[in-house]
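Residues take their numbers from the sequence shown, with the count starting at 1.
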Amino acid sequence: MRSATTLPAVRVASASVRDPVLAATQLASQLSHEHLGCVLFFCSAEYDLQRLGPALERAFPDVRVCGCTSAGEITPDGYGRGCITAIGFDRRYFAIDCALISALDRFTLQDAQGVIDGLLATCRDARLAPVKGNTFAITLLDGLSSREELVLATLNSALGTIPQFGGSAGDDERLANTHVFFDGQFHTGAATVMLVNTPLDFRVFSTHHMVDRSEKLVVTDACPESRTVLELNAEPAAEAYARAVGVSVDDLDRKTFALRPLGVKIGGHYFVRSIQRVNPDGSLTFYCAVETGIVMTAMEPEGLLDSVRQQIEASERVVGAPLVTIGCDCFLRRLEAELTGEVDAVSEFLRHHKVIGFNTYGEQFDGMHINQTFTGVVIGQPDARSGTS
């Protein structure tokens, strides 16, 4: 257990004890105060979730608690594993509400508008700041639902100009069960959307460190529902991909997928499409949407920290000294850091810039579902730029 880190407007905490009741109690001892309005947490899927949910509900009575399971945690001390990390928001600075989306495959624009209108009403009632320019959305989705694209595009239409980011829940790379948390329970096949209204300055951002190579691969046969590519360039997908990245099919593994992803060019920018696994029939299953006819480009990494450092430092120049940065960091980025020996440097960078968050099975930014990115929001200190007292 670590002592509480008290910052103006937020407190951050972590707990590594495995007993769910003790873990919830430790978080409450670090976060609870008379102005606590909301708790956002990320936890290892190794916890007994059936016990952890009620324990969190009891530990934070009359406080909105939202979160999800992870593929690794970002704690006040940097990267964590097998623990819970959390942020407690002071209601004097943050008006926050959260909603559950339980029927992902039947989520309509009318549903999205109803959800967002309800959340906006809560923010307006708090009278902390005008909605426009002072509000952002955080989305957390079941990372194995394969419904991120549909839900995000629909939500984005309802959000309008409100910036949005988030991540897909993980389960410590088991690829078996991922959960989001709402109203005292962990849910599968579901999503949460959190609307945050604050007078404090903030900047939402997304970045990746992959650059394109010359090899192009056309998806000539795919099953979009399962995110599976059967053929690339009219041959078995695994064979074509292996040749493009210079390895044998037998050597395709999570290391290759992390260091040699594919990308799709949209609007002049490349968006990474990461491979989840090779199937027995030689097809490839992805973490993001794929469909017949799209052109994929082989990608390779540059400096892991360079692009995220540029984005976070640019954000800090806008908002001033950071209060907290909420970060959604792809688990494949963490894997790359471990494979290249950079994990300690990345962890120290996250600690230094007050990042709290989790390693995801996919990131979300302004209605798009993407891979191998670092996505988040930097929130400035009271008084730093906004004049908030």
Side-chain angles (χ1 to χ4, degrees), residues 66 68 97-120 131-132 135-170 178 180 182 187-196 204-208 219 222-229 261-276 285-296 326 328 330 360-377:
C66 291
C68 69
D97 201 3
C98 187
L100 179 73
I101 303 168
S102 56
L104 300 185
D105 55 347
R106 300 190 302 274
F107 189 60
T108 67
L109 181 56
Q110 184 177 1
D111 296 330
Q113 199 63 63
V115 167
I116 299 304
D117 286 349
L119 299 179
L120 284 171
V131 168
K132 185 176 181 180
T135 306
F136 61 88
I138 304 174
T139 49
L140 303 174
L141 284 84
D142 180 338
L144 298 177
S145 68
S146 298
R147 293 293 181 270
E148 289 98 331
E149 287 83 8
L150 169 66
V151 173
L152 290 171
T154 307
L155 274 175
N156 195 53
S157 296
L159 284 167
T161 59
I162 295 174
Q164 168 268 326
F165 77 96
S168 299
T178 58
V180 298
F182 178 83
H187 304 263
T188 59
T192 62
V193 55
M194 175 184 287
L195 210 61
V196 181
V204 176
F205 68 93
S206 181
T207 186
H208 69 78
V219 178
C223 176
E225 292 77 16
S226 62
R227 295 177 173 170
T228 298
V229 173
L262 300 175
V264 176
K265 196 171 187 178
I266 303 172
H269 298 281
Y270 282 97
F271 295 89
V272 180
R273 294 287 183 265
S274 300
I275 299 170
Q276 184 183 118
T285 297
F286 285 73
Y287 282 102
C288 263
V290 291
E291 58 187 34
T292 302
I294 64 173
V295 178
M296 291 187 162
I326 306 172
C328 301
C330 183
T360 78
Y361 280 175
E363 302 75 58
Q364 302 146 21
F365 181 70
D366 283 351
M368 294 189 66
H369 178 49
I370 45 186
N371 292 143
Q372 282 180 253
T373 67
F374 189 103
T375 300
V377 62

Does [X] reach the main-chain N or O of [Y] with its side chain, forming a donor-acceptor pair under 3.5 Å?
X      : Y      : value
Arg273 : Ala289 : yes
Glu363 : Gln372 : yes
Asp366 : Gln164 : yes

- Can we say Arg227 and Glu291 salt-bridge, meaning some charged N sits less than 4.0 Å from an Asp/Glu carboxylate O?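 Looking at Glu291 together with Arg227, the answer is no, because their closest N to O distance does not fall below 4.0 Å.
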- Query: Will you find, in the side chains of Ser168 and Glu148, an N or O donor that is under 3.5 Å from an N or O acceptor?
  - Reply: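 Judged by distance alone, the side chains do pair up.
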Side-chain heavy atoms of [X] within contact of [Y], under 4.5 Å:
X      : Y      : result
Gln364 : Ser206 : no
Thr154 : Thr108 : no
Val295 : Val264 : no
Phe165 : Ile326 : yes
Phe182 : Cys66  : yes

- Note on the structure: The salt bridge (charged side-chain N to carboxylate O under 4.0 Å, His left out) partners of Arg147 (sequence neighbours excluded) come to none
- Item | Residues forming a side chain to side chain donor-acceptor pair (under 3.5 Å) with Thr192, sequence neighbours excluded |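 In terms of side chain to side chain donor-acceptor pair (under 3.5 Å), with neighbours along the sequence ignored, Thr192 is linked to no residue.
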Heavy-atom pair of closest approach, residues [X] and [Y]:
X      : Y      : result
Leu140 : Val180 : O-CG1, 3.5 Å
Leu109 : Ala158 : CD1-N, 4.2 Å
Gly170 : Thr178 : C-CG2, 3.5 Å
Leu150 : Leu104 : CD2-O, 3.4 Å
Pro224 : Ala222 : CD-O, 3.5 Å
Val377 : Phe205 : N-CE2, 4.0 Å

- SG-CG distance between Cys98 and Leu119, expressed to the nearest 0.5 angstrom: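 Spacing of SG (Cys98) from CG (Leu119) equals 7.5 Å.
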- Mind checking the OG1-CZ spacing from Thr207 to Phe365? Nearest 0.5 Å is all I need. 10.0 Å
- Item | Within residues 101-115 or reaching into it, pairs that qualify as salt bridge (charged side-chain N to carboxylate O under 4.0 Å, His left out) - sequence neighbours excluded | none
Run through [options] and flag the one making a side-chain contact (heavy atoms from CB on, under 4.5 Å) with [X].
X      : options                       : answer
His208 : Thr373, Thr375, Ile370        : Thr373
Leu195 : Thr135, Val131, Val115, Asp97 : Thr135
Val290 : Thr228, Val229, Ile275        : Val229

- Query: Between Met368 and Ile266, does a side-chain contact (heavy atoms from CB on, under 4.5 Å) hold up when you go through it step by step?
  - Reply: CA-CA 11 Å; Met368 294 189 66; Ile266 303 172; 4.0 Å; yes
- Once the angle between the rings of Tyr287 and Tyr361 is folded into 0 to 90°, is it parallel (under 30°), tilted (30 to 60°) or perpendicular (over 60°)?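 Tyr287 and Tyr361: tilted rings.
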- Query: Could you go step by step and tell me if Val193 and Ile138 meet the side-chain contact (heavy atoms from CB on, under 4.5 Å) rule?
  - Reply: CA-CA 6 Å; Val193 55; Ile138 304 174; over 6 Å; no
